[in-house]
Amino acid sequence: MIPKDKFDTEAVERLKMIPASEVVPLLPELLTWMQDMNWPVAQPVVELLLTFPNEITPLIADVLAGEDDMWIYWSLSELIPKLPFYSKLVLAESVEQIASGARGFHEDVVERAKEALQSFEP
């Protein structure tokens with residue numbers, strides 16, 4: 001049920017049709033498919049992930065705690081601004097750390113974190 005390659009958007013469409021209880025265990029692996037939003041499968045995966053905000057919030061926290069600049073950048077850009085406010089609260093400290101530049105990420109990632117923080121405003 002997981003995409004076989006970066007062009008396998010049909011797998012994501014099939015995932016949308018199965019019960020949530022079967023999709024939730026696949027969320028960590030699905031999250032890896034949005035490491036590069038230039039992949040055709042990435043946007044459909046993001047749309048699917050966003051239907052599970054409670055379940056993906058800790059997974060996003062793990063991404064933000066990591067060192068993968070591109071994955072963090074896309075998470076800040078494509079997921080975090082679209083999450084419900086309560087999920088953003090859970091991620092706020094990590095996003096603020098990145099935005100401060102304290103973790104030494106590339107300037108683009110720091111700027112994206114600052115932009116993501118603007119979405120935290122009620």
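Just so you know, residue 1 is the first one in the sequence shown, and it goes up from there. All figures in this text were calculated on a predicted structure; none of them were measured in a lab. Below, all heavy atoms of this structure are taken into account, side chains as well, without hydrogens, waters or symmetry copies.
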Under a 4.5 Å cut-off applied to non-hydrogen side-chain atoms, are Met37 and Gln43 in contact? yes
Between Leu30 and Pro3, is any pair of side-chain heavy atoms under 4.5 Å apart? yes
Above 12 or not: heavy atoms from other molecules or residues under 6.0 Å from CD of Glu13? yes
Taking the side chain as every heavy atom from C-beta outward, state whether Arg112 and Trp74 have any pair of such atoms under 4.5 Å apart. no
Can you tell me how far CD1 of Ile56 sits from CE of Met34, rounded to the nearest 0.5 angstrom? 8.5 Å
Measuring only between side-chain heavy atoms, which start at C-beta, is Trp39 closer than 4.5 Å to Val45? no
Scanning both residues in full, the closest heavy-atom pair of Pro28 with Pro25 reads CD-O, 3.6 Å
Among Val95, Leu76, Leu91, side-chain contact (heavy atoms from CB on, under 4.5 Å) partner for Ile60: Leu91
Within a radius of less than 6.0 Å around NZ of Lys6, do more than 12 heavy atoms belonging to other residues, nucleotides or ligands occur? no
All heavy atoms of Val110 vs all of Ala99, minimum pair found to be CG1-O, 3.3 Å
Heavy-atom neighbours of Glu107 CD exceed 12 at 6.0 Å: no
Are Trp33 and Val12 side-chain neighbours, meaning at least one heavy-atom pair lies under 4.5 Å? no
Leu89 vs Phe120 side-chain heavy atoms within contact, under 4.5 Å: no
Between Gly66 and Phe105, the two heavy atoms sitting closest are O-CZ, 3.6 Å
Report the distance from atom CD of Glu93 to atom CG of Leu64, rounding to the nearest 0.5 Å. 11.5 Å
Please confirm whether the backbone N or O of Leu83 pairs with a side-chain atom of Ser87, one donor and one acceptor, at under 3.5 Å? no
Does any non-hydrogen side-chain atom of Leu27 lie less than 4.5 Å from one of Phe52? yes
For the residue pair Asp68 and Tyr73, confirm or rule out a side-chain donor-acceptor distance under 3.5 Å. no
Which distance, rounded to the nearest 0.5 Å, do you find between the NZ of Lys88 and the CD1 of Ile80? 9.5 Å
Quick one: closest heavy-atom pair of Pro40 and Thr9, and the distance? O-CG2, 3.5 Å
About how many Å separate NZ of Lys114 and OG of Ser100, when rounded to the nearest 0.5 Å? 9.0 Å
Distance, nearest 0.5 Å, that separates OG of Ser119 from CZ of Phe85: 9.5 Å
With the 4.5 Å side-chain cut-off for hydrophobic clustering, are Val90 and Val24 part of the same group? no
Please step through side-chain contact (heavy atoms from CB on, under 4.5 Å) for the pair Leu15 and Ile18, ending with a clear verdict. CA-CA 6 Å; Leu15 285 168; Ile18 66 172; 3.8 Å; yes
For Glu47, does the CD atom sit with more than 12 other heavy atoms under 6.0 Å from it, leaving out its own atoms? yes
Interatomic distance, Lys82 atom NZ to Leu50 atom CG [nearest 0.5 angstrom]: 6.5 Å
Could you report the tightest heavy-atom contact between Val109 and Asp69, atom names first, then the distance? CG2-O, 3.7 Å
